[in-house]
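Report on the structure given below.
Note on naming: letters A, B, ... go to the chains in the order of the sequence lines (proteins, then strands), and numbering restarts at 1 for each one. We use all heavy atoms of the structure for the numbers below, so side chains are in, but hydrogens, waters and symmetry mates are not.
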Amino acid sequence: MAIKNEFIKAQLDMQKQICLTNQFNAIKYVAGVDLAYYNVDGTEHAICAIVVIDYETKEVVEIASYTAQTTVLYIPGCLSFREVPIFLKANELLNTKVDLYIFDGNGYLHPRNMGLATHAGIILDLPTIGVAKNYFKVQDTDYIMPAPIKGAYENIIINGKVYGCVLRSRTNVKPIFVSIGNNIDLQTSRDIVIHLTSKESRIPLPTRLADIEANRLRKIAQTIK
DNA sequence: GCGACAG
DNA sequence: ATCTTGTCGC
């Protein structure tokens, strides 16, 4: 498939820019990013919602969103090319100077270590974390199920390299998959995800709120049709 | 041909 | 991701 090869070349080119160390002094504003999709007369549209919260008080600081027609189809491994352009437009509407972004999807846990969170992180040149609700198998490697206790985790090691981890964000609840995006390390990513996860959801608060906002806007757009 | 496949 | 109602359970 010609299109997919273009994406792979672009990912391989970006690969060498990934930063695996913390590049921040303090975290004040954290943004959660999520997209929702719907159709209008057979034309697919996407809504990107970004919700910024205060890392300590967890209060919502700002919400931004951007809707656009979809131009790129979804191909496993190439998700970022579909979602990053729309995310960047929504991000332009943000007034808050965000310290860290959390994406709904993988970062380093990707065939070329270039998932959504990493791709966006390199463009933003800011710290990002990828949090996926489902496992995206790389090189036929399975993950080890962590203990059913909040905070338990197992690193996902592929060919001797740590791609990310499976983290139990809530006791007795299906685990999530955490990986670095850019300008951050995995240990810190895990700590932050745990800090932002409570009994309301197994997903960290910023992305959970972004998910709710994106779907709220989608339902409104669908009833207007 | 069959199954897998972040969102 | 989305199409979709009720339903079992804390």
Side-chain angles (χ1 to χ4, degrees), chain A residues 1 3-4 7-8 11 14 18 32-50 65-88 90 101-121 128-143 148 150 156 158 163-167 169-182 186 189 193 198-204 206-208 210-223 225:
Chain A
M1 201 55 87
I3 292 178
K4 184 165 183 176
F7 294 156
I8 292 174
Q11 287 176 331
M14 281 185 283
I18 305 173
V33 183
D34 189 38
L35 286 83
Y37 296 84
Y38 64 95
N39 292 296
V40 175
D41 303 325
T43 305
E44 185 181 53
H45 290 248
I47 300 173
C48 175
I50 305 176
S65 65
Y66 185 83
T67 302
Q69 268 192 26
T70 288
T71 56
V72 181
L73 61 153
Y74 170 67
I75 298 172
C78 301
L79 173 67
S80 64
F81 294 92
R82 174 173 165 83
E83 305 202 328
V84 166
I86 302 170
F87 155 67
L88 291 174
Y101 288 81
I102 299 179
F103 288 83
D104 199 333
N106 297 310
Y108 202 78
L109 175 50
H110 175 279
R112 286 168 293 280
N113 307 122
M114 279 300 307
L116 173 61
T118 308
H119 188 148
T128 61
I129 297 173
V131 176
K133 296 182 289 296
N134 294 94
Y135 184 53
F136 186 27
K137 187 184 272 189
V138 174
Q139 288 177 43
D140 203 41
T141 303
D142 288 307
Y143 64 87
K150 175 167 182 169
I156 296 170
I158 301 171
Y163 275 54
C165 68
V166 206
L167 174 66
S169 55
R170 288 186 58 192
T171 297
N172 291 324
V173 174
K174 183 182 176 188
I176 55 180
F177 303 84
V178 178
S179 59
I180 67 162
N182 189 45
L186 185 57
S189 300
V193 169
S198 62
K199 56 188 173 228
E200 282 73 62
S201 171
R202 72 190 174 104
I203 301 304
T207 32
R208 175 63 186 138
D211 177 272
I212 291 171
E213 175 64 6
N215 280 295
R216 184 182 72 79
L217 295 173
R218 175 174 62 81
K219 286 169 187 171
I220 292 174
Q222 288 178 316
T223 51
K225 72 177 180 182

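Rounded to whole Å, atom C1' of dC3(C) lies 17 Å from atom NE2 of H45(A). With rounding to whole Å, K219(A) atom NZ is found 14 Å from dA1(C) atom C1'. In this structure, CG of N39(A) is placed 10 Å from C1' of dC3(C), rounded to the nearest angstrom.
Looking at heavy atoms from C-beta onward, K4(A) lies out of side-chain contact with L73(A) at the 4.5 angstrom threshold.
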Using a 4.0 Å heavy-atom cut-off, write out nucleotides 2-7 of chain B from 5' to 3' as B (base contacted by protein), S (sugar-phosphate only) or - (no contact). ---BBB

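Listed for the T118(A) side chain is a donor-acceptor partner under 3.5 Å among the backbone atoms of G107(A).
More than 12 non-hydrogen atoms from other residues, nucleotides or ligands lie less than 6.0 angstrom from CD1 of I75(A).
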Output, in order, the C-alpha distance, side-chain angles, deciding distance and verdict of side-chain contact (heavy atoms from CB on, under 4.5 Å) for I203(A) and S169(A). CA-CA 7 Å; I203(A) 301 304; S169(A) 55; over 6 Å; no

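Nucleic acid contact class of D140(A) (heavy atoms, under 4.0 Å, all strands): none. Heavy atoms of A46(A) sit nowhere under 4.0 angstrom from any nucleic acid atom.
E200(A) and S198(A) form a side-chain donor-acceptor contact under 3.5 Å, judged by distance and modelled atom types alone.
Remark: the separation of the C1' atoms in dC5(B) and dT2(C) is 16 Å, to the nearest Å.
Residue Q222(A) places at least one side-chain N or O under 4.0 Å from the OP1 or OP2 atom of dC3(C). Within the structure, a side-chain polar atom (N or O) of N215(A) is placed less than 4.0 Å from OP1 or OP2 of dT2(C).
Taking the six-membered ring where tryptophan is involved, the planes of F177(A) and Y143(A) are perpendicular, since the angle between them exceeds 60° and thus also 30°.
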